[in-house]
Amino acid sequence: MEPIRTTHQGAVRGRLVADDVAAFLGIPFAAPPFGEARFRAPAPAVPWDGVREALSYGASMPRAPYAPPFDALIADEGPQGEDCLNLNIWTPHPAPGGGLPVMVWIHGGAFANGSGSASSYDGSAFARDGVVYVSINYRLGADGFLKLPDRPDNRGLLDQIAALEWVRDNIEAFGGDPGQVTVFGESAGAMSIGALLSLPRARGLFRRAILQSGAAHHFLRPSSADLITARLAEKLGIEASAEAFADVPLETLLRAQAELRGEIGARPDPALWGEAALNMMPFEPVLDDFALPAQDCGVEFLVGSNREEYRLFLVPTERLDVLSQDRLRLATAAYGLDPDKALPVYAERRPGAVPGELFDAVTTDWFYRIPALRIAEAVPNSYVYEFARRSPACDGQLGACHASELAYVFDRLDDPAYAPMIGPNPPRSLADAMHGAWVAFAKTGEPGWAPYDSEHRTTKVFDTVPSVERDLRGEERALWEGVR
């Protein structure tokens, strides 16, 4: 019998997808953010009469596809449309009063791509293992993050908060405990969580957080965000106002957004782009500054990264073997390190490495690993992991790159969407270990290894044979002390 549950907006009908697991898809948590609502804070979803069918995914934010060659590696699935503020629920207890832990997924995609309505983020495995799982959609690109006069900043983050508030108010009807919410995300999703920690309205909406390959130090200061807005308006031949951007046909706006990122990559000048000149993301949270979470922030953390994150951006584009020593030195200096001191340390562990391989190591630390460690250092009893399984894809060159852990976290090794990234014969035991750790953390606050501290710096390494390491690559970590 198809389960029916009642939310504050109205009743929804889901469907059984496995023994004791039900899915409720495409439930609106806010009104469509277009028309008069364009570029404004999310408004409450309109209530409905009767029973709303929640049997298929709702739309996610309209967006341009990933540019080649990344479109062949990273699936960007799901329907798109204006009614894009919705969420999906998988639950093993589709009735009130279950008291189960809840996990809320915030997808990545450089704040311009991605969708919570994708098979790759199906929550069946989490529900199978006793968790109520929720995936959300939020505004992306200019609609979500472009700084505009007389409009709220960070509309995409406000969408995420609205979704978490909906979970707080409604998840008990689906068997979840609103006091046991773990929010988790990857890349821009993890960076979003880092930004949410600085927003007062988000406090108390989640008890635990898992940040995968993204932490909290990547954002745009208002002055830098103004540069992005001005350049996008110039490209479109309009004034930099919400009304003018709203009048641009959506396809034209999306195309201009994609072109803007290409311009930054071609000429990464901080005078033109501010912080975006280093991270190549024109759309991201706008903050005056960022402070690490306080020791008593009330959130428990599991944070980490992949060993060779930046290979995703070097191998498919055939830049790994041609990147120059000068480019390596310039980037190292831009990240705040002395190339003459730092590069020999990185090279010592990698005999015969070409500049592109050292560039991957340094950039992976700057963009992903060190920000994760900063959170673990700031909040006692945090847990740290590293994903190290090298994918055989791209003739084995892709390595343990960005996003290559997702199939294991979601225990979806058979999903065709992941096949180009993880390659053939992915180890089932690794999915069992990694997915199991995520579930254990959501249930108990302990993933199964010792927390990180300044003495031992314990890190769980998820490889074909998982291990626990102390002060992993400590000589490289030490180079970043005092570097912000």
Side-chain angles (χ1 to χ4, degrees), residues 69-70 72-74 187 213 265 268 278-280 304-373 384-405 408 420-427 430 457 459-483:
F70 304 107
L73 285 170
I74 306 173
S187 193
S213 301
L278 279 179
N279 60 35
M280 306 297 171
S305 57
N306 297 354
R307 181 164 293 179
E308 300 166 300
E309 299 268 8
Y310 218 73
R311 280 181 174 255
L312 176 63
F313 310 103
L314 295 174
V315 171
T317 56
E318 300 181 349
R319 294 169 56 208
L320 184 72
D321 294 328
V322 300
L323 192 137
S324 69
Q325 183 72 17
D326 286 345
R327 178 73 180 90
L328 169 63
R329 291 180 60 83
L330 285 171
T332 304
Y335 300 155
L337 298 181
D338 181 341
D340 292 326
K341 294 180 180 179
L343 292 179
V345 175
Y346 278 93
E348 185 177 358
R349 290 185 60 90
R350 302 165 181 83
V354 299
E357 292 170 317
L358 296 178
F359 183 89
D360 162 61
V362 174
T363 304
T364 290
D365 274 1
W366 171 74
F367 204 110
Y368 302 101
R369 183 168 83 114
I370 300 303
L373 296 184
V384 172
Y385 78 91
E386 181 174 272
F387 181 80
R389 193 260 174 173
R390 305 196 82 242
S391 170
C394 297
D395 296 324
Q397 291 297 301
L398 207 53
C401 73
H402 191 61
S404 60
E405 88 286 6
Y408 300 91
M421 179 72 76
I422 64 176
N425 304 315
L430 181 54
R457 300 184 183 273
T459 300
K460 176 75 171 186
V461 178
F462 287 102
D463 205 338
T464 304
V465 179
S467 63
V468 176
E469 305 287 343
R470 289 186 174 184
D471 200 11
L472 185 66
R473 299 189 301 283
E475 67 281 4
E476 295 170 11
R477 175 200 53 77
L479 292 168
W480 298 90
E481 292 180 358
V483 177

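- The OG atom of S213 sits 13.0 Å away from atom CZ of R369, with the distance rounded to the nearest 0.5 Å.
- No more than 12 heavy-atom neighbours from other residues, nucleotides or ligands sit within 6.0 angstrom of CG on N425.
- Using a 30° and 60° split on the angle between ring planes, Y310 and F359 fall in the perpendicular class, above 60°.
- Here the OG1-NZ distance, from T332 to K341, works out to 14.5 Å after rounding to the nearest 0.5 Å.
- Between M421 and H402, the shortest heavy-atom distance links the atoms CE-O, 3.8 Å.
- A donor-acceptor distance shorter than 3.5 angstrom exists from the side chain of R389 to the backbone of I422, with no hydrogens or angles considered.
- A salt bridge does not link R473 with E469: every distance from a Lys NZ or Arg NE/NH1/NH2 to an Asp or Glu carboxylate oxygen is 4.0 Å or more.
- Among all heavy-atom pairs drawn from L479 and Y346, the shortest one is CD1-CE1, 3.6 Å.
- Within the 4.5 Å cutoff, no side-chain heavy atoms of L430 are placed close to those of D463.
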request  = Would you please test E476 and R349 for side chain to side chain contact (heavy atoms under 4.5 Å, CB included) and show each step?
outcome  = CA-CA 10 Å; E476 295 170 11; R349 290 185 60 90; 2.9 Å; yes
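- The aromatic ring centres of F387 and Y408 sit less than 6.0 Å apart.
- The side chain to side chain contact (heavy atoms under 4.5 Å, CB included) test with P420 is passed by exactly one of L398, L73, I74: L73.
- Across every non-hydrogen atom of A372 and G304, the tightest pair is CB-N, 4.1 Å.
- Counting non-hydrogen atoms of neighbouring residues, nucleotides and ligands closer than 6.0 angstrom, the CG atom of D338 exceeds 12 such neighbours.
- Residues S391 and G423 share a closest heavy-atom pair of OG-N, 4.0 Å.
- Under the 4.5 Å side-chain criterion, counting only non-hydrogen atoms from C-beta, L343 is in contact with Q325.
- With a 4.5 Å cut-off on side-chain heavy atoms, V384 and L472 do not count as touching.
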message = Applying side chain to side chain contact (heavy atoms under 4.5 Å, CB included) to R311 and Q397, what does each step give before you reach the verdict?
response = CA-CA 8 Å; R311 280 181 174 255; Q397 291 297 301; 3.8 Å; yes
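- The nearest pair of heavy atoms linking N306 to A400 is CB-O, 3.3 Å.
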ask   = Does the pair D365 and Y335 meet the rule for a side chain to side chain donor-acceptor pair (under 3.5 Å), with working shown?
value = CA-CA 10 Å; D365 274 1; Y335 300 155; over 6 Å; no
Verdict with supporting geometry, V315 and C401, side chain to side chain contact (heavy atoms under 4.5 Å, CB included) = CA-CA 10 Å; V315 171; C401 73; over 6 Å; no
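- The distance from the CZ atom of F462 to the CD atom of E386 is 11.5 Å, given to the nearest 0.5 Å.
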task = Evaluate side chain to side chain contact (heavy atoms under 4.5 Å, CB included) for L323 paired with L314, printing each intermediate quantity in order.
result = CA-CA 9 Å; L323 192 137; L314 295 174; 4.2 Å; yes
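- Across T364 and R307, no two heavy atoms sit closer than the pair CG2-O, 3.7 Å.
- Distance check: R329 CZ to L337 CG gives 12.0 Å after rounding to the nearest 0.5 Å.
- The number of heavy-atom neighbours closer than 6.0 Å to CD of E475, taken from other residues, nucleotides and ligands shown, is above 12.
- Counting heavy atoms from C-beta on, the side chains of P69 and T317 come closer than 4.5 Å.
- Under 4.0 Å is where a charged nitrogen must lie from a carboxylate oxygen, and between R390 and E308 at least one such pair does.
- For the pair T363/E309, no side-chain contact is recorded, criterion being any heavy-atom separation below 4.5 Å from C-beta on.
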